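Have a look at the structure below, then the notes.
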Amino acid sequence: MSEQPALLSLTEIARAIAEKRVSSREATQSCLDRIAQWQPHVNAFMAIEADAALEAADAADAALAKGNSRGALHGVPLAHKDMYYDAGKVVTCGSHIRRDFVATTTSTALQRLKDAGTIRLGSLQMVEFAYGPTGHNAHFGAVRNPWNVDHITGGSSSGSGSAVAARLTFAALGSDTGGSIRMPAHFCGVTGLKTTWGRISRFGAMPLSQSLDTVGPLARTAKDCALLLGLMAGADPADPTAAALPVPDYTSATREPIKGLRIGVPTAFYVDDLDPEVARALDETVAVLKAEGADVVQVELPDQRQLTAACQLVLATEAAAFHKRWLIERPQDYGPQVLMRLQNGLAIPGVSYLEAMRWRGPALAAHTAATAGVDALLAPAAPVPAPTIAESDVGNGPDAEAVIQRLTRFTRPINYLGLPSLSIPAGFTRGGLPVGMQLVGRSFDEAMLLRIGAAFQRATDFHARAPKFA
Amino acid sequence: MTRPTPKEIKAVAGVAGVPVDAEVATRIANSIGPAFEGFAAIAGTLPFDLEPARFLVVQAAKAVK
């Protein structure tokens with residue numbers, strides 16, 4: 001094989017290993033070589049477990065030589081956001097408080113990927129306790145964007161976005177409570193799937209806000225996300241909120257054309273105050289989808305600012321409740337920005353929180369009615385390309401929440417409604433930074449988003465471009 | 001629903017068991033004030049027998065079969 005195995009997509013490397021064109025050791029070594037090159041510059045990994053990974057790769061190759069494949073991802077090396085419990089492993093959650101926490105259970109999502117044959121490269125950096133959209137981390141340093149290391153990755157799945165973009169891992173788990181998969185996907189130029197709330201079990205995933213938390217993948221293509229979702233989705237006795245709905249064949253969905261589908265572009269909010277280069281990417285995305293045969297129409301949505309406000313009330317309250325014991329006992333062990341954000345939740349009365357929770361049903365019904373005539377919505381994932389690390393390092397100053405609100409403006413309403421959303425690479429700025437668009441679907445209709453995303457990726461090559469090591 | 005004042009926030013945080021000083025209370029008021037204002041049109045208008053679990057009913061009803 002002429003190119004580095006690490007440059008293949010997840011789907012491609014899984015097939016190459018299964019067909020013995022590439023060994024698991026070669027794939028793993030290729031990732032480790034790139035990690036050694038990139039890690040000092042992007043800080044994407046929390047832990048690198050080279051020896052154990054190679055040992056596991058050799059075992060996978062030996063098993064395959066005997067005709068024993070563990071599953072669809074046999075021998076594929078992956079790394080995930082450091083908030084997925086893996087029994088016996090330190091899981092820092094990006095924090096000082098859990099710097100030495102050793103998990104005693106394994107998260108359901110992670111276990112299902114292991115059952116499919118994946119092996120562990122290490123763990124990926126993240127925003128402290130997944131509570132921030134930029135990628136800064138007061139304890140472990142900011143993760144850097146491989147397209148330009150002076151710029152943020154977005155968060156909170158910062159290491160996942162950076163590592164997938166730099167081709168250090170074929171895919172990575174992230175989590176999305178207010179935009180934490182879609183923003184790194186947008187800023188780093190990778191494909192990220194925020195799943196419907198309840199589609200994937202949250203058991204063994206560090207909680208931030210139980211009503212909003214979702215598990216999902218970041219990968220290079222919609223096809224890769226489809227493969228991963230199919231392996232992880234479904235009911236779980238350990239998490240009663242994981243829906244017992246059938247799991248569709250997501251990979252088959254990615255092969256379907258989009259001719260005749262109706263895709264809605266909001267008339268307001270998601271198209272307001274856009275950076276000109278994001279606006280250009282939106283126009284160009286619409287043109288591609290039309291060329292593929294989709295009917296793109298305008299859609300008037302209910303007031304999205306109310307959804308954003310409700311999301312903030314729910315998120316802040318639930319996060320503060322999870323952290324209350326540590327807020328009392330060891331507030332000094334939080335980074336300043338995360339402490340500040342957790343304290344916000346202390347000020348929200350119980351009645352206000354419950355009103356925000358009670359409104360979710362009517363809000364989702366109103367959204368569903370407004371979008372009844374389309375198969376999916378299209379909107380930018382964020383109003384701007386990646387800002388620099390310096391200009392977004394707001395600490396706990398008075399502008400901190402304003403910066404956060406601006407970055408998460410287009411993602412939080414979707415979290416409040418619990419809807420699925422796929423962020424896809426949709427262009428680059430003149431300065432070479434990626435721009436992403438999000439497709440938003442009906443509850444549990446990830447298949448539609450993956451179908452549209454895959455069609456878009458057959459017609460474009462934004463997802464296939466990799467940052468060059470400078 | 002109106003934006004809480006720093007004084008109210010100081011009191012609520014104290015009741016929650018995590019007291020904050022006046023400076024932090026002022027900062028919190030500025031941070032979360034917009035959320036209260038954004039939700040003001042909904043607050044106090046919801047029907048009596050609407051439970052949070054209604055969300056799951058709507059979600060399941062609209063799920064792709």
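For clarity, every value in this text was computed on a predicted model and none was experimentally measured. Chain letters run A, B, ... following the sequence lines, proteins first, then strands; residues in each count from 1.
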Given B/V24, B/I9, B/V18, the one that forms side chain to side chain contact (heavy atoms under 4.5 Å, CB included) with A/Q343: B/V24

Residue pair A/A347 / B/F36: nearest heavy atoms and the distance that separates them: O-CZ, 4.2 Å

Which atom of A/A309 lies closest to which atom of B/A35, heavy atoms considered: CB-O, 3.3 Å

Side chain / backbone / both / neither for A/A316 at chain B, heavy atoms under 4.5 Å: neither

A/A356 portion near chain B, given a 4.5 angstrom heavy-atom threshold: both

Most chain A-contacting option - heavy-atom pairs closer than 4.5 Å, from B/V20, B/L56, B/L50, B/V12: B/L50

Most chain A-contacting option - heavy-atom pairs closer than 4.5 Å, from B/P52, B/G38, B/A53: B/P52

Do the non-hydrogen side-chain atoms of [X] and [Y] ever get within less than 4.5 Å of each other?
X      : Y      : result
A/W359 : B/T45  : no
B/I32  : A/I348 : yes
B/F39  : A/E355 : yes
A/L417 : B/F55  : no
B/I28  : A/M340 : no

Which portion of B/P47 sits near chain A, non-hydrogen atoms under 4.5 angstrom: backbone

Tell me whether [X] at atom [atom1] has more than 12 heavy atoms from other residues, nucleotides or ligands lying less than 6.0 Å away.
X      : atom1 : answer
A/R330 : CZ    : yes
A/E329 : CD    : yes
A/E300 : CD    : no

Distance-only side-chain donor-acceptor flag, B/Q59 / A/R360, under 3.5 Å: no

Distance, nearest 0.5 Å, that separates CD of A/Q306 from CD1 of B/I42: 4.0 Å

